[in-house]
Amino acid sequence: MHFDDSSCARCRADFPALGRTHAGRPLAYFDGPGGTQVPQAVIDAVTSYYATSNANTHGQFVTAEESDLMLLAAREAVASFLGAPSWQCISFGANMTTLTFALARAFGRRLGPGDEVVITELDHEANRGPWLTLAARGVTVRQVALRSDGTLDPDDMARQVTGKTRLLAIGYASNALGTVNDLALARRLTRAVGATLVVDAVHAAPHFSLDVTALDCDMLLCSAYKFYGPHVGVLYVRPGLLDTLATERLSTQEPEAPYRIETGTLNHAAIAGVNAAIAYLASWGQGDTLRSRLVDAMSGLEARERTLATRYFDDVRQVPGVTVWGPDFSAPRRAPTVSISIAGVHPTEAARRLGERGVCVWDGHFYAARAIEVLGQAETGGVIRAGMAMYVSEDDIDRLLDGVRALARG
Ligand SMILES: Cc1ncc(COP(=O)(O)O)c(C=O)c1O
């Protein structure tokens with residue numbers, strides 16, 4: 001699928017929030033890494049669930065049956081989105097962070113002194129903090145070093161993964177710097193020592209076609225509110241693995257995957273929205289199956305967002321006083337998220353002044369606090385992040401660049 005300016009213009013009509021103005025100007029949303037806007041189809045799916053099918057699961061009446069079917073359909077759609085073999089691999093939760101804490105507790109119950117877990121300096125705290133709690137059980141938590149160019153050190157990864165490693169938790173793409181990590185290396189190293197590979201794909205899911213089968217990961221997490229859906233966390237677990245984990249559950253809860261890690265009643269209406277978000281993405285692609293339409297659509301979006309981000313990256317680095325953080329776009333895969341600093345302007349002040357122009361960017365560390373610290377930007381308020389999404393237009397990029405130039409001029 002080729003996604004160009006005219007596709008962008010068509011997609012913008014699907015997002016009611018893009019009709020909003022602030023101080024007389026339309027809002028330019030570069031805050032996708034913090035959460036994307038939702039198309040009308042997602043809003044309709046949430047509303048329609050409440051209007052017609054709202055019930056708890058496993059009842060003997062029509063709305064409960066419809067709720068069961070809706071949840072099954074959503075799991076099947078997510079399985080297609082992730083390239084997973086079946087809906088039984090897909091669990092839902094409040095968000096990625098909550099699911100990762102639950103996994104860390106479950107995993108940690110069988111670990112103790114002598115065992116090691118590896119995390120990275122680049123990751124969002126959601127893929128660090130839960131695993132760091134295992135230190136209280138005597139587990140050694142090692143960290144793969146982040147280099148000043150915004151990439152993880154592959155030699156250090158090879159050093160940190162040892163015969164004692166039980167699990168490596170690593171991001172697919174950095175929400176702060178756009179770096180795409182070498183997951184093939186992570187798999188090779190963990191496979192060699194029999195360790196579990198957990199991938200945080202929250203930042204990758206809106207930008208790339210994901211394929212858990214090709215990645216060969218044991219677990220992968222993402223969050224639907226980053227890919228045009230509602231606030232729902234998604235967990236993929238390799239067939240058979242979840243059933244071996246000592247998750248926290250009520251005695252009355254189904255013990256098998258995918259329910260084994262789901263506690264209490266899920267957010268049904270939001271999950272109906274997740275299914276609609278995936279259907280919306282697929283509607284931009286071509287193919288005979290949902291999976292093939294998704295792969296086609298996501299590859300078109302990846303190319304489009306890469307073009308926009310490369311343009312912003314190349315132009316903004318020419319602005320006197322601007323420093324661009326993270327890798328350039330020479331790697332075959334790079335998330336379309338660009339972070340900068342402007343000499344003499346505090347990131348919060350920069351974001352506030354861009355916000356006054358209706359240009360929505362984030363400032364700070366975006367919970368990738370260790371990465372921002374390693375880059376030496378923690379004490380000066382972090383960095384200024386702009387993320388691409390399917391509805392970002394060339395005109396939005398012009399407005400962002402104009403705003404940055406004005407700030408750099410002082
Ligand atoms: C890369 C990454 N991982 C994890 C998270 C946490 O996701 P959630 O808000 O679903 O807990 C985020 C959220 O910003 C993120 O960007």
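Ligands are counted one by one from 1 in listed order, and the atoms in each one are counted from 1 as well. We count residues from 1, following the sequence as given. Fair warning: this is a prediction, and the values are worked out from it, not measured in the lab.
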Within ligand 1, which atoms have a heavy atom of [X] less than 4.0 Å away?
X    : value
A126 : 4 (C), 6 (C)
M96  : 4 (C), 7 (O), 8 (P), 10 (O), 11 (O)
S223 : 8 (P), 10 (O)
N95  : 8 (P), 10 (O), 11 (O)

Check for me whether [X] has a heavy atom closer than 4.0 Å to any atom of ligand 1.
X    : answer
Y225 : yes
K226 : yes
N127 : no

For residues 30-41, please give each side-chain donor-acceptor pair under 3.5 Å, one per line with the distance, not counting sequence neighbours.
{"from": "T36", "atom 1": "OG1", "to": "Y225", "atom 2": "O", "distance (Å)": "3.0"}
{"from": "T36", "atom 1": "OG1", "to": "Y228", "atom 2": "N", "distance (Å)": "2.8"}
{"from": "Q40", "atom 1": "NE2", "to": "D44", "atom 2": "OD1", "distance (Å)": "2.8"}

Check your understanding: So does E356 pair up with R352, basic N to acidic O under 4.0 Å?
Key -> yes
Exercise for review: Look at the aromatic rings of W284 and Y280 and report parallel, tilted or perpendicular, splitting at 30° and 60°.
Suggested key: perpendicular
Exercise for review: Keeping the roles fixed (side chain from D123, backbone from G171), state whether a donor-acceptor pair exists under 3.5 Å.
Suggested key: yes
List the closest protein heavy-atom neighbour of [atom]: residue, atom name, distance to the nearest 0.1 Å.
atom                    : answer
atom 11 (O) of ligand 1 : T97 OG1, 2.5 Å
atom 15 (C) of ligand 1 : H124 CD2, 3.2 Å
atom 16 (O) of ligand 1 : N175 CB, 3.3 Å
atom 3 (N) of ligand 1  : D200 OD2, 2.6 Å

Point to revise | Among I397, V324, I384, L400, side-chain contact (heavy atoms from CB on, under 4.5 Å) partner for V316 | key: V324
Practice item. Could you grab the distance from atom CG of L177 to atom CZ of R334, nearest 0.5 Å is fine? Key: 7.5 Å
Under 3.5 Å, which donor-acceptor pairs link side chains of residues 335-345 to any protein atom two or more places apart or in another chain?
{"from": "T337", "atom 1": "OG1", "to": "H203", "atom 2": "NE2", "distance (Å)": "2.8"}
{"from": "S339", "atom 1": "OG", "to": "A176", "atom 2": "O", "distance (Å)": "2.6"}
{"from": "S341", "atom 1": "OG", "to": "W325", "atom 2": "NE1", "distance (Å)": "2.7"}

Exercise for review: In sequence, state the C-alpha distance, the side-chain angles, and the governing distance for R12 and D396, and then conclude on salt bridge (Lys or Arg N to Asp or Glu O under 4.0 Å).
Suggested key: CA-CA 12 Å; R12 288 177 67 87; D396 290 338; 3.3 Å; yes
